[in-house]
Amino acid sequence: MKIKQLDRYIFEIEKDGKIGMKVPGIIYADQSMLEDILNEGSANQVVNAATLPGIKKASIAMPDIHYGYGLPIGGVVATDVKEGVITPGGVGFDINCGVRLIKFDLGKDEIKTDLKDVAKHLYNNIPCGVGEGGNIKLKKKELKNVLKKGSYWAVEEGYGNENDLLNTESSGKLDEANPDIVSNKAYERGYDQLGTLGSGNHFLELGYVEEIFLEDIAKEWGLFKGQLTLLIHSGSRGLGHQICSDFLDVFEKALKKYQIDVPDKQLACAPVLSPEGQEYLAALSCAANFAWANRQILQSLAINTLADILKVKVKNLNPSLLYDVAHNIVKFEKFEIDGEEKLLAVHRKGATRSLPRGSELLPTHYKNTGQPVIIPGDMGRYSYILVGGDKAPVRSFNSACHGAGRVLSRHKAIKMAQNRNIATELKQEGIIVISRGKKTLKEEMPDAYKDVSKVVEIVDYLDIAKKVAKLKPLCVIKG
DNA sequence: ATGTCC
């Protein structure tokens, strides 16, 4: 492939019509990241995605790009709704994996309880781990309501308030959801998994604001130095995973039916407006709604647990959701393409929506600032709060990175970690980590990830999203 | 990410 450097942090993979590329590839990264990206094969996945029917402008990769199923994690692909395709490989297995940030009216130095006890209490109260169920057990009729209503269901059931809905992407509900499309197998996996964290890179983290970069915006958003924060990263658990699996079969058959040629079967796709495309959209929306209800319930569990162990009233903590963003999703958004407004299916696969100030998709209270973009790093370093940048519409279909991005695969990380005790190492840094799975901490150790500061620096430089504040972890709960 | 293979 031919790669041209267009700017300090912009690399273009030239469009090669002979291999079916319909648009060029664009990778936002620095020189050293680019080398890793080329070596591990995810640049090739960017090229593959550029062949998808109806793709507009470019097949885009964020600086946290790494190898994934079909499209790389950190990939953004926008297809024309009328003449383009939709692909489960462009969304991922964990549909609406995402992250939310809750801020408190409490400084970390005001905490009198031993952090170890706080971590233990959180760990004991937040169901987590592979395949683990929680305390909420639903019948089919009720789970259907969750799939239809998303965060609204959680709020109706007392796990949150109107303010939470206002501060969740799409208000925590996609209207395209049709619970009748979801397989019984997916339902079976969902009955007891609402309000559970899961495993892998999912986590619940108590931290604090260590540094502020944009004072005005931080002030407007109610952020202050030393402030206690809660970060929750989870998704649609087994239910979403099953929905993705169910549709991979459907889309493989669709390739033949619609005579679509893709270089990688993992990019199996169908026209957005085909029955297959529409059914996937209806099912994906159910999984997305489940994930939003899940994070809303986790938020409520964590806040109550925290108030309990700190021996303060919830109302005195004054918890408030800054924002909840989706990482793995398709959204229908309007963009100007060749001077014409088009409705596009924006696939974000390990990418966060990043709406600039003035966007009509923003709730009124964020219209002047732009959208809070929450970027978790790794459990030993830091996380960032950014704000949607003015160049996001032209550079990335209003998308930013979603995290640090892996440098080691899960397998390699476990191998590299050998007999290291990651929890002990982090404790020496003043971070309490409790994990349910034995392997999880090795898979998720800080060395397995890029330095999120470098990743964030690139989207900041490109004005895709601007740095507002940096968070430091205090205690982390993992599955 | 995931009842880490139906």
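Naming convention: chains lettered A, B, ... in sequence-line order (proteins, then strands); numbering from 1 in each chain.
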Given atom [atom1] of [X] and atom [atom2] of [N], what is their separation to the nearest angstrom?
X        : N     : atom1 : atom2 : value
A/Arg410 : B/dT4 : CZ    : P     : 14 Å
A/Glu444 : B/dT4 : CD    : C1'   : 14 Å
A/Lys185 : B/dC5 : NZ    : P     : 14 Å
A/Arg436 : B/dT4 : CZ    : C1'   : 17 Å
A/Lys442 : B/dT4 : NZ    : C1'   : 17 Å
A/His411 : B/dT2 : NE2   : P     : 20 Å

With the threshold set at under 4.0 Å for non-hydrogen atoms, list the residues of residues 235-249 of chain A touching DNA chain B in residue-number order.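 Contacts with DNA chain B under 4.0 Å: A/Arg237, A/Gly238, A/His241.
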Below 4.0 angstrom, which residues in residues 129-137 of chain A have at least one non-hydrogen atom near DNA chain B?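 By residue number: A/Val130, A/Gly131.
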Could you work out, with ring pair (Phe, Tyr, Trp, His ring centres under 6.0 Å) as the rule, every residue matching A/Tyr28, not counting sequence neighbours?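 Residues passing ring pair (Phe, Tyr, Trp, His ring centres under 6.0 Å) with A/Tyr28: none at all.
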Does A/Phe93 have any ring pair (Phe, Tyr, Trp, His ring centres under 6.0 Å) partners at least two apart in sequence or in another chain, and if so, which?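 Listed in chain order: A/Tyr69, A/His241.
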Can you pull the ring-ring contact (aromatic ring centres under 6.0 Å, His included) pairs that have at least one residue in residues 421-459 of chain A, sequence neighbours excluded?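 Qualifying pairs: none.
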For residues 118-141 of chain A, pull every pair meeting salt bridge (Lys or Arg N to Asp or Glu O under 4.0 Å), keeping only residues two or more places apart or in separate chains.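 Output for this query lists A/Glu132-A/Arg436.
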According to the salt bridge (Lys or Arg N to Asp or Glu O under 4.0 Å) rule, which pairs have a member within residues 59-75 of chain A, sequence neighbours left out?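 Not a single pair qualifies under salt bridge (Lys or Arg N to Asp or Glu O under 4.0 Å).
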With a 3.5 Å cut-off and sequence neighbours excluded, list the donor-acceptor pairs that the side chains of residues 45-56 of chain A form with protein atoms.
| from | atom 1 | to | atom 2 | distance (Å) |
| --- | --- | --- | --- | --- |
| A/Gln45 | OE1 | A/Gly68 | N | 3.2 |
| A/Gln45 | NE2 | A/Gly68 | O | 2.7 |
| A/Gln45 | NE2 | A/Gly70 | O | 3.2 |
| A/Thr51 | OG1 | A/Asn48 | O | 2.7 |

For A/Glu188, answer base if it contacts any base atom (sugar-phosphate contacts may also be present), sugar-phosphate if it contacts only those atoms, and nothing otherwise; contact means non-hydrogen atoms under 4.0 Å.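 The residue A/Glu188 makes no contact with any strand.
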Identify, with sequence neighbours excluded, every residue that meets side-chain contact (heavy atoms from CB on, under 4.5 Å) alongside A/Ile414.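 If we apply the side-chain contact (heavy atoms from CB on, under 4.5 Å) test to A/Ile414, skipping adjacent residues, the hits are A/Lys439, A/Lys442, A/Glu443.
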For A/Lys185, is there an ion pair with A/Asp246 - N to carboxylate O distance below 4.0 angstrom?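 So A/Asp246 does not pair with A/Lys185 through a salt bridge.
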